[in-house]
Amino acid sequence: NLTCSAGDFDLAFLPSGTGGYDDLVYNATTIAISAVEVTVASLADVIRSKDAAGRPKDIAVLPVLEQHARSMREGTEDGGASSGETLRAT
């Protein structure tokens with residue numbers, strides 16, 4: 001885990017439940033953070049990884065992530081161009 005002025009964030013080279021970059025890039029999206037374009041995993045892949053990791057902090061955030069995914073599918077919440085833009089999940 002890393003911490004910056006915006007808060008905590010995780011970097012994982014081989015997230016649980018995935019085949020790594022080659023698996024995740026297929027559904028990934030690119031977003032702009034300040035003037036930098038960043039590729040982020042899809043919300044579905046983040047949910048899959050957190051479920052596979054099974055750590056208490058991952059299990060605790062799953063209901064929020066799953067609700068956000070449902071809202072995006074139903075069009076009841078403005079999810080932006082990507083789910084990664086609107087949620088801070090650690």
Side-chain angles (χ1 to χ4, degrees):
N1 294 338
L2 300 171
T3 301
C4 69
S5 61
D8 295 336
F9 61 97
D10 292 333
L11 295 176
F13 295 103
L14 184 59
S16 299
T18 76
Y21 179 84
D22 290 335
D23 177 24
L24 296 171
V25 74
Y26 183 75
N27 293 315
T29 190
T30 301
I31 62 172
I33 300 176
S34 296
V36 178
E37 293 203 351
V38 179
T39 302
V40 296
S42 70
L43 180 55
D45 286 338
V46 171
I47 290 170
R48 174 171 54 117
S49 176
K50 289 192 170 294
D51 186 49
R55 299 174 301 186
K57 72 177 191 172
D58 296 312
I59 298 302
V61 76
L62 278 174
V64 173
L65 295 175
E66 290 166 343
Q67 178 58 49
H68 186 64
R70 276 190 299 278
S71 295
M72 290 177 61
R73 282 192 304 273
E74 296 165 0
T76 59
E77 182 170 305
D78 179 15
S82 123
S83 58
E85 290 178 292
T86 58
L87 283 181
R88 179 181 167 268
T90 59

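What's counted below: heavy atoms across the whole structure, side chains too, no hydrogens, waters or symmetry copies.
Atom CG of D45 sits about 6.0 Å away from atom CG of D23, to the nearest 0.5 Å. Note that CE of M72 is 12.0 Å distant from CD of Q67, once rounded to the nearest 0.5 Å.
For the side-chain contact (heavy atoms from CB on, under 4.5 Å) criterion with T29, the lone passing option out of T39, L43, V40, V38 is V40.
In terms of heavy atoms, P15 sits closest to G20 at CD-CA, 4.5 Å. T18 and S49 make their closest contact through CG2-CB, 4.2 Å (heavy atoms, listed as atom of the first residue, atom of the second, distance).
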| query | For D58 and D51, what are the C-alpha separation, side-chain angles and deciding distance, and is it a side-chain contact (heavy atoms from CB on, under 4.5 Å)? | reply | CA-CA 7 Å; D58 296 312; D51 186 49; over 6 Å; no

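Residues V36 and I31 share a hydrophobic cluster, clusters being chains of Ile/Leu/Val/Met/Phe/Trp/Tyr side chains in contact below 4.5 Å. Both V61 and I59 are part of a single hydrophobic cluster, where members link through side-chain heavy atoms under 4.5 Å apart.
Side-chain contact check for I47 versus H68: every heavy-atom pair is 4.5 Å or farther apart.
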